[in-house]
Amino acid sequence: MEKALLFSDSHGSNEDMINVIKQYAGQVSAVFHMGDIQGAEGLLQNAASEIGCLAYIVRGNCDRNPDLKEANVIGFAGKRIALCHGHRFGGYGDPDMDSLRYFGEENNADVVLFGHTHKPFCEKFGEVLICNPGSISQPRGGSKKGYAVLVVDEDEVSVEFFEV
């Protein structure tokens, strides 16, 4: 079994995110951030490195770092994980799930991770699991500040949500 921490939309408020990463030392193999990290890429990468894992970050609509990719596909625990911020797949309301599913299918992804809405979400569309961990710093829609953990256990993929 392998686990990964999922964050999005930290918007420069990093204390909770870094504390969560430290709590998962020895328990996770990767950290994924789905954008709007706003300059804290190095901080996240260092925190992940300190607990012995890699951090993968994509650019959100509030990020200015041209070195961040808008989308990325990562091999993790035998699965293909496609990351994007999500702002290209709908506005601030509900995202266009068909577009996110197509994004996943085009990339042969088992899982699509996105952010932007600041609201936790996880549902399977066809063969693609689509998930948003919510916002670690600025929740919307009645949700709480939080994050998620992606769990891959052999062929099973699941996501657990946690509040900060």
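Only this structure's heavy atoms are used, side chains among them; waters, hydrogens and symmetry mates stay out.
- The aromatic rings of F103 and F89 are tilted relative to each other, their planes meeting at an angle between 30° and 60°.
- Counting heavy-atom neighbours within 6.0 Å of Q138 CD, excluding the residue itself, gives a total above 12.
- Between H118 and H11, the distance separating the two ring centers is shorter than 6.0 angstrom.
- Taking 4.5 Å as the limit, every side-chain heavy atom of V128 sits out of range of all side-chain heavy atoms of K124.
- The two residues D36 and C62 have their closest heavy-atom pair at OD1-N, 2.7 Å.
- Taking each heavy atom of S143 and K119 in turn, the nearest pair found is OG-CA, 4.2 Å.
- The shortest non-hydrogen separation linking V152 to A77 is CG1-O, 3.6 Å.
- In plain terms, the two heavy atoms of C84 and M34 that are nearest each other are O-CG, 3.5 Å.
- Among residue pairs with one or both ends in residues 48-77, those qualifying as salt bridge (charged side-chain N to carboxylate O under 4.0 Å, His left out) are R59-E70, E70-R88; sequence neighbours excluded.
- Under the 4.5 Å side-chain criterion, counting only non-hydrogen atoms from C-beta, E160 is not in contact with L150.
- Side-chain heavy atoms closer than 4.5 Å link hydrophobic residues (I, L, V, M, F, W, Y) into clusters, and following such links, even through other members, never connects V112 to V58.
- V151 forms part of a hydrophobic cluster together with M1, L5, F7, M17, I18, V20, I21, Y24, V28, V31, I37, L43, L44, I51, I57, L68, I136, Y147, V149, F162, V164, judged by ILVMFWY side-chain heavy-atom separations under 4.5 Å.
- When every heavy atom of S137 is checked against every heavy atom of S10, the shortest pair comes out as OG-O, 2.7 Å.
- Contact of the C131 side chain with the F121 side chain is not registered, since no non-hydrogen atoms from C-beta on lie closer than 4.5 Å.
- Closest heavy-atom contact between D155 and K79: OD1-NZ, 2.6 Å.
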